[in-house]
Amino acid sequence: MSVADEIEKLDKLRQNGAITDEEYQTAKARLLGQGAPAGEPPRPFPVVQAKPMDENTWSVLLHLSQLCGFLIPFAGLVVPIVIWQVKKNESAVIDRHGRIVANWLITALIAGIVFFCLSFVVIGIPLLIILGVLCFVFPIIGGAKAGKGEFWPYPMSYRFLPVD
């Protein structure tokens with residue numbers, strides 16, 4: 001990596017607020033071979049640590065993880081439940097979103113089985129298509145609401161687990 005690239009990275013860190021202007025100038029002087037300013041001991045480059053994910057981010061991820069089922073069979077059932085079980089003790093908000101998602105998953109699973117059985121009488125085919133659309137749309141709406149810090153129990157979802 002060239003000196004210009006290193007200076008560009010430092011400038012981005014300064015613009016993002018990860019380092020101060022003074023730290024930027026000191027690190028830039030070191031890169032240019034000018035050393036540290038007189039009377040100042042050399043300091044290492046600052047370590048920028050990633051901010052941990054907050055409740056809203058985990059809640060959004062919990063809702064949107066249901067869409068994994070469209071890529072990998074049964075992942076849309078397993079991934080949200082695993083995320084919920086791992087994170088529910090860390091936050092009441094994540095626990096509540098997990099209950100909302102679990103209620104929808106159970107409701108959709110039961111409805112899917114019933115609609116599949118009704119598909120032999122033809123009426124179940126359009127119902128399965130509608131259910132598929134709802135299984136795609138509801139997690140997106142729930143994730144958007146969770147990103148704003150709101151709770152959105154999915155419509156038509158039976159409450160097997162208490163949400164409030």
Side-chain angles (χ1 to χ4, degrees), residues 1 5-6 8-21 23-24 27 45-164:
M1 186 174 268
D5 292 336
E6 291 288 335
E8 187 178 326
K9 284 172 90 176
L10 283 171
D11 188 45
K12 285 181 183 175
L13 288 172
R14 181 177 55 98
Q15 289 174 358
N16 290 336
I19 62 174
T20 64
D21 287 331
E23 292 171 325
Y24 169 75
F45 287 109
V47 176
V48 180
Q49 294 183 350
K51 198 169 95 173
M53 290 174 44
D54 64 346
E55 294 175 334
N56 287 352
T57 308
W58 279 110
S59 300
V60 169
L61 185 62
L62 184 64
H63 285 278
L64 296 181
S65 65
Q66 296 174 71
L67 300 177
C68 293
F70 289 103
L71 300 174
I72 302 169
F74 300 108
L77 293 171
V78 175
V79 174
I81 299 299
V82 169
I83 292 172
W84 173 43
Q85 290 302 309
V86 169
K87 292 291 183 180
K88 73 178 182 178
N89 294 329
E90 293 178 19
S91 166
V93 172
I94 296 172
D95 184 38
R96 187 169 176 194
H97 281 286
R99 289 173 185 270
I100 290 169
V101 170
N103 285 335
W104 171 249
L105 290 174
I106 296 168
T107 302
L109 184 65
I110 292 170
I113 292 169
V114 170
F115 295 166
F116 176 77
C117 292
L118 288 175
S119 66
F120 297 110
V121 189
V122 181
I123 188 68
I125 295 171
L127 292 175
L128 279 172
I129 293 170
I130 292 170
L131 181 63
V133 170
L134 294 178
C135 286
F136 185 78
V137 172
F138 281 178
I140 293 172
I141 295 171
K145 298 274 188 179
K148 296 176 186 175
E150 300 173 20
F151 295 101
W152 187 68
Y154 296 7
M156 299 175 283
S157 177
Y158 186 78
R159 292 192 178 177
F160 294 98
L161 303 171
V163 175
D164 299 323

Nearest atoms (heavy-atom pairs only) where [X] meets [Y]:
{"X": "Leu161", "Y": "Ala102", "result": "CD1-CB, 3.7 Å"}
{"X": "His63", "Y": "Ala146", "result": "CD2-CB, 3.8 Å"}
{"X": "Val93", "Y": "Ser59", "result": "CG1-OG, 3.9 Å"}
{"X": "Asp21", "Y": "Arg14", "result": "OD1-CD, 2.9 Å"}
{"X": "Pro153", "Y": "Ile100", "result": "CA-CG2, 3.8 Å"}
{"X": "Ala75", "Y": "Pro80", "result": "O-CD, 3.7 Å"}

Between Leu13 and Tyr24, is any pair of side-chain heavy atoms under 4.5 Å apart?
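Counting from C-beta outward, Leu13 and Tyr24 never come under 4.5 Å.
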Just wondering, do Leu67 and Ile140 contact through their side chains at under 4.5 Å, heavy atoms?
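Yes; the side chains approach each other to less than 4.5 Å.
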I would like to know whether Thr107 and Met156 meet side chain to side chain contact (heavy atoms under 4.5 Å, CB included); could you show each step before the answer?
CA-CA 8 Å; Thr107 302; Met156 299 175 283; 5.9 Å; no
From [X] [atom1] over to [Y] [atom2], what is the distance, rounded to the nearest 0.5 angstrom?
{"X": "His97", "Y": "Lys87", "atom1": "NE2", "atom2": "NZ", "answer": "14.5 Å"}
{"X": "Phe136", "Y": "Leu134", "atom1": "CZ", "atom2": "CG", "answer": "12.0 Å"}
{"X": "Ile83", "Y": "Ile94", "atom1": "CD1", "atom2": "CD1", "answer": "10.0 Å"}
{"X": "Leu61", "Y": "Gln66", "atom1": "CG", "atom2": "CD", "answer": "11.0 Å"}
{"X": "Cys135", "Y": "Leu128", "atom1": "SG", "atom2": "CG", "answer": "10.0 Å"}
{"X": "Phe115", "Y": "Ile125", "atom1": "CZ", "atom2": "CD1", "answer": "13.0 Å"}

Within the distance-only criterion (no hydrogens, no angle test), does the side chain of Asn103 pair as donor or acceptor with the backbone N or O of Ser157 below 3.5 angstrom?
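Judged by distance alone, no pair lies under 3.5 Å.
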Distance-only, no hydrogens or angles: does the Thr20 side chain make a donor-acceptor pair with backbone N or O of Glu23 under 3.5 Å?
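It does hold such a pair.
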Does atom CZ of Phe116 have more than 12 heavy-atom neighbours, drawn from other residues, nucleotides or ligands, at distances under 6.0 Å?
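Counting other residues, nucleotides and ligands, CZ of Phe116 stays at 12 neighbours or fewer.
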Give a yes or no on whether Tyr158 atom OH has more than 12 heavy-atom contacts from other residues, nucleotides or ligands under 6.0 Å away.
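No, not enclosed.
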Using side-chain contact (heavy atoms from CB on, under 4.5 Å) as the criterion, point out the one residue from Trp84, Phe138, Tyr154 that pairs with Val101.
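That would be Tyr154.
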What I want to find out is whether Arg99 reaches Asp95 closely enough, with some N-O distance under 4.0 Å, to be called a salt bridge.
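Here Arg99 pairs with Asp95 in a salt bridge, since their nearest N and O are under 4.0 Å apart.
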Does a donor on one side chain and an acceptor on the other come within less than 3.5 Å for Thr57 and Asp54?
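Note: Thr57 and Asp54 side chains meet the donor-acceptor criterion.
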Given side chain to side chain contact (heavy atoms under 4.5 Å, CB included), test Asp11 with Glu8 step by step and report yes or no.
CA-CA 5 Å; Asp11 188 45; Glu8 187 178 326; 5.6 Å; no
